[in-house]
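Okay, here's the structure, questions in a sec.
Each residue takes its place number in the sequence, starting with 1.
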Amino acid sequence: MTDAAAQGYEARLSACPACDVAPLAGRIGRPDPVRGDIMLSVPAVHCATCITDVERVLTAQPGVHAARVNLSLRRVVVDADAGVAAADLIPVLDRIGYEAFELDPAALTATAADRQGRDILMRIGVSGFAMMNIMILSVAVWSGADDATRDMFHFISGAIALPTVAFAGQPFFSSAWRALRAGRLGMDVPISLALILASAISVFETLHSGHHAYFDAAVMLCFFLLVGRYLDYRTRAVARSAAEELTALEVPRALRLEDGTPVEVRVADLVPGDLILVRPGARVAADGVVTEGASEIDRSLLTGESAPVAARPGAELSAGEVNLTGPLTLRVTAAGRDSSLARLTALVAAAESARGRYTSVADRASRAYAPVVHLMALSSFLGWLWITRDARVALNVAAAVLIITCPCALGLAVPAVVTAASGRLFRRGLLIKDGTALERLAEVDTVVFDKTGTLTMGTPRVVAAALPPEAQAVAAALAGGSAHPLSRALAGALEVAPARLDELRERPGYGVEARWNGETVRLGRADWAGTGEDAQGAASWLRIGDRVWRIDFADSLRPGAAATIASLRKQGLRVMMLSGDAAGAAGAIAAELGIDDWRAGMTPQDKAAVVAALAA
């Protein structure tokens with residue numbers, strides 16, 4: 001594509017107000033030595049105010065030229081100088097309350113290519129335009145046009161209708177042909193037969209100066225059924241592919257250590273044995289073993305484990321996890337398609353694409369519907385042929401039966417209802433990923449919940465902190481000097497003025513320490529704070545001199561979670577909770593919600609196996 005063509009393409013994209021990221025997405029993947037595009041996932045965005053906040057704060061950053069939020073996909077595309085990285089923008093969004101993750105634009109190009117939707121819309125436009133013109137001519141015929149005038153209007157209508165039906169009816173014709181080759185009668189078979197017969201009879205009547213032609217009916221039928229087909233397509237397209245989102249979490253670049261110097265390379269170029277540097281706040285690029293450094297790892301996006309996990313030499317890390325506090329040197333054990341994140345992506349993709357055993361009501365109805373309709377049309381033809389001895393009249397009656405009994409209710413009403421219901425549920429935070437989900441919901445006997453991000457908010461909150469006033473002031477000051485999730489939760493919970501501290505510094509993987517009134521004060525891990533207590537669970541320890549206090553944290557329940565669980569139990573449904581968290585954290589949430597059947601420490605593969613066993 002030439003530069004002029006590319007600019008013209010971007011201009012056409014910009015003319016579409018509904019295409020939130022189109023102007024920027026058009027540049028993704030194009031080599032540009034000066035400027036580049038950064039794509040971030042921003043799950044918390046949900047309204048117009050969120051869009052304004054995110055775009056305003058990003059465009060205010062040096063080197064950022066534009067930012068565009070896609071509300072339906074919860075993504076933001078940033079047009080920035082080559083020197084601006086995602087790691088520079090993520091903390092900016094985090095400060096205004098929007099958690100963000102870098103996505104790989106190359107992994108999402110298939111999502112942006114909406115060819116099927118554009119194809120159906122084009123056919124709807126052609127058939128709608130043709131329908132309006134033919135109806136104008138038909139009104140003239142119905143109003144009394146006769147003889148040569150009527151024939152002329154029929155010829156004009158045919159000249160418009162025949163190429164329209166041939167073009168716009170392609171989705172139905174191709175589907176019907178596949179069904180016939182497979183030896184079955186699908187819903188598109190009577191639709192295609194009705195279109196072909198209506199058009200053929202109309203041509204015959206027009207050539208023989210007949211009083212009636214059905215060009216308007218054929219094109220109108222095609223138009224409304226295409227609208228139903230598009231509604232069905234949009235229902236499926238609204239559901240984001242979890243597999244694509246997981247693929248996009250694989251960061252495209254890594255810092256490989258070459259003679260001790262970090263060099264930016266593609267993740268695809270990493271091989272087992274390479275040493276890579278993972279900076280604080282960065283996502284782990286490949287599976288590996290820590291060889292140097294100490295930090296804490298956020299695994300919530302992969303396992304649902306809300307509490308950060310300590311990482312020290314010898315610890316095994318997986319691609320997609322987030323390094324929180326300190327730099328780590330990792331020896332690569334698997335990268336790219338061999339990583340655990342890639343295997344998880346493949347597992348999710350297989351689950352999403354697997355054909356279920358469930359048959360929708362529309363499919364079951366169409367199996368009985370198609371043979372009945374064809375038998376009725378055949379019976380009408382034979383009956384009228386026997387009564388009138390006129391094949392022309394009998395064929396007209398048979399075509400009318402096919403047109404009148406065409407499955408508009410199944411082809412238009414069902415997709416319209418599913419689209420309306422899915423849209424309403426989406427606005428309430430529920431995503432329908434399959435058109436039959438609403439039907440299958442009536443047959444559910446067991447409801448399985450994940451914990452982090454589903455029943456809970458995925459953010460820690462202080463549940464126990466018996467601190468005297470002076471200890472609260474010290475804790476507030478220490479927590480304010482750390483970006484750790486527990487520290488941020490503690491800083492937000494303590495409504496006191498922070499104490500004045502000296503020599504404040506963060507110890508990666510351990511906590512934060514300082515000097516206060518000549519004493520060493522620490523906030524962090526149990527072993528580092530010098531306590532003999534059990535370090536299990538989400539907790540921090542505050543040490544001031546020889547005094548130690550334990551501060552316990554728990555995940556915040558999502559509003560309405562308790563009422564939802566109570567309502568499901570009242571309906572007699574079995575409720576389960578599967579969590580990647582430790583048993584203590586998962587058990588506390590289960591007890592708070594009244595869930596007796598729960599399991600902790602589960603990997604995504606374990607959860608998938610449990611659900612598969614329940615569905616068997």
- Between R505 and E513, is the closest basic N to carboxylate O distance under 4.0 Å?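 R505 and E513: salt-bridged.
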- Decide side chain to side chain contact (heavy atoms under 4.5 Å, CB included) for V448 and L578; before the verdict, give the C-alpha distance in whole Å, the side-chain angles of both, and the deciding distance to 0.1 Å. CA-CA 7 Å; V448 182; L578 308 178; 3.6 Å; yes
- How about L593 and F449: do any of their side-chain heavy atoms sit closer than 4.5 Å?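 Contact flag for L593/F449 side chains = no.
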- Out of curiosity, D274 CG to I276 CD1, how far, rounded to the nearest 0.5 Å?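 That separation rounds to 8.5 Å.
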- Query: For I38 and L40, what are the C-alpha separation, side-chain angles and deciding distance, and is it a side chain to side chain contact (heavy atoms under 4.5 Å, CB included)?
  - Reply: CA-CA 7 Å; I38 299 170; L40 303 174; 4.0 Å; yes
- Item | Shortest non-hydrogen separation from W598 to A590 and the atoms involved |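 So the two residues come closest at CD1-CB, 3.4 Å.
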- Please name the pair of heavy atoms, one in V332 and one in A286, separated by the smallest distance, quoted to 0.1 Å.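 Scanning both residues, the minimum pair turns out to be CG1-CB, 4.1 Å.
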For residues 560-571, dump all side-chain donor-acceptor pairs below 3.5 Å to protein atoms at least two apart in sequence or in another chain.
residue, atom, partner, partner atom, Å
T564, OG1, G560, O, 2.8
S567, OG, Q571, NE2, 3.3
R569, NH1, G594, O, 3.1
Q571, NE2, S567, O, 3.4

- Query: How long is the span from the CZ atom in R68 to the CE atom in M39, to the nearest 0.5 Å?
  - Reply: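 The CE atom of M39 is 13.0 Å from CZ of R68, to the nearest 0.5 Å.
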- N-O pairing of D445 and R574 below 4.0 Å: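 No, this pair does not count.
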- Query: Any luck finding a side-chain donor-acceptor pair between S579 and R599 under 3.5 Å?
  - Reply: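 No, no side-chain donor-acceptor pair sits under 3.5 Å.
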- Query: Where is the tightest heavy-atom contact between A100 and I90, given as atom of each residue plus distance?
  - Reply: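 Scanning both residues, the minimum pair turns out to be O-CG2, 3.6 Å.
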- Item | Residue pair E519, R543: steps toward the salt bridge (charged side-chain N to carboxylate O under 4.0 Å, His left out) verdict | CA-CA 10 Å; E519 291 185 303; R543 183 182 184 92; over 6 Å; no
- Message: What I'd like to find out is whether the side chain of K451 reaches to under 4.5 Å of the side chain of I589, using heavy atoms alone.
- Response: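 K451 vs I589: side chains touch.
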- Hey, is CZ on R547 packed in by over 12 heavy atoms from elsewhere, all under 6.0 Å?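 Yes, CZ of R547 has more than 12 neighbouring heavy atoms, counting only those of other groups under 6.0 Å.
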- Query: What distance separates R256 CZ from L270 CG, expressed to the nearest 0.5 Å?
  - Reply: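 It is 6.0 Å, given to the nearest 0.5 Å.
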- A499 to A477 - nearest heavy-atom pair and separation: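 Answer, listing the atom of A499 first, then A477: O-CB, 3.3 Å.
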- With a 4.5 Å limit on heavy-atom distance, are the side chains of L89 and L58 in contact?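 The answer is yes; the side chains approach within 4.5 Å.
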- Report the residues that fulfil salt bridge (Lys or Arg N to Asp or Glu O under 4.0 Å) with E264, sequence neighbours left out, ordered by chain and then residue number.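 E264 satisfies salt bridge (Lys or Arg N to Asp or Glu O under 4.0 Å) with R253 once adjacent residues are dropped.
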- Answer whether the closest heavy-atom distance between the side chains of L478 and V521 falls below 4.5 Å.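 Sidechains of V521 and L478: in contact.
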- Task: Could you verify whether a donor N or O on one side chain and an acceptor N or O on the other, from D287 and T333, lie under 3.5 Å apart?
- Result: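 Absent: no donor and acceptor within the cut-off.
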- Are side-chain heavy atoms of D53 and V57 found at a separation under 4.5 Å?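 Result no, sub-4.5 Å side-chain heavy-atom pair not found.
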- How long is the span from the CG atom in L467 to the CG atom in L490, to the nearest 0.5 Å?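 If we round to the nearest 0.5 Å, L467:CG and L490:CG are 7.5 Å apart.
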- Going through the checks in order, is the side chain to side chain contact (heavy atoms under 4.5 Å, CB included) test met by V548 and L542? CA-CA 6 Å; V548 179; L542 172 66; over 6 Å; no
- Where the side chain of T456 meets the backbone of R558, is there a donor-acceptor pair that is under 3.5 Å apart?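 Here the side-chain-to-backbone pair does not exist.
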- Item | E321 (side chain) donor-acceptor with S318 (main chain) under 3.5 angstrom |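 Pair found, side chain donor or acceptor close to backbone of S318.
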- Stepwise side chain to side chain contact (heavy atoms under 4.5 Å, CB included) test for D597 and V575: CA-CA 7 Å; D597 192 352; V575 179; over 6 Å; no
- Task: Flag the pair L501 / R515 as yes when at least one side-chain heavy-atom distance between them is below 4.5 Å, and no otherwise.
- Result: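 No, their side chains stay 4.5 Å or more apart.
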- Query: Between E292 and R331, is there a salt bridge with N-O shorter than 4.0 Å?
  - Reply: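 Salt bridge absent between R331 and E292.
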- Item | Flag side-chain contact, heavy atom, 4.5 Å: W516 against E470 |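 In short, these two side chains touch, coming nearer than 4.5 Å.
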- What closest approach, in Å, do E592 and L557 show between heavy atoms, and which atom pair accounts for it?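 The answer is OE2-CD1, 3.3 Å.
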- Identified side chain to side chain contact (heavy atoms under 4.5 Å, CB included) partner of N323 from the options I297, L330, V290: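 Passing option: I297.
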- Message: What's the separation between atom CG in D450 and atom CE in M577, rounded to the nearest 0.5 Å?
- Response: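 D450 CG to M577 CE: 8.5 Å, rounded to 0.5 Å.
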- For S487 against L523, the heavy-atom pair lying closest together: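 Answer, listing the atom of S487 first, then L523: OG-CD2, 4.3 Å.
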- Counting only heavy atoms not in Q61, do more than 12 fall under 6.0 Å of its CD?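 Check passes, neighbour count above 12.
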- Query: What's the spacing between L328 CG and L317 CG if we round to 0.5 Å?
  - Reply: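 L328 CG to L317 CG: 6.5 Å, rounded to 0.5 Å.
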- Any side-chain heavy-atom pair from T446 and M576 closer than 4.5 angstrom?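 Side chain of T446 against side chain of M576, heavy atoms only: contact under 4.5 Å found.
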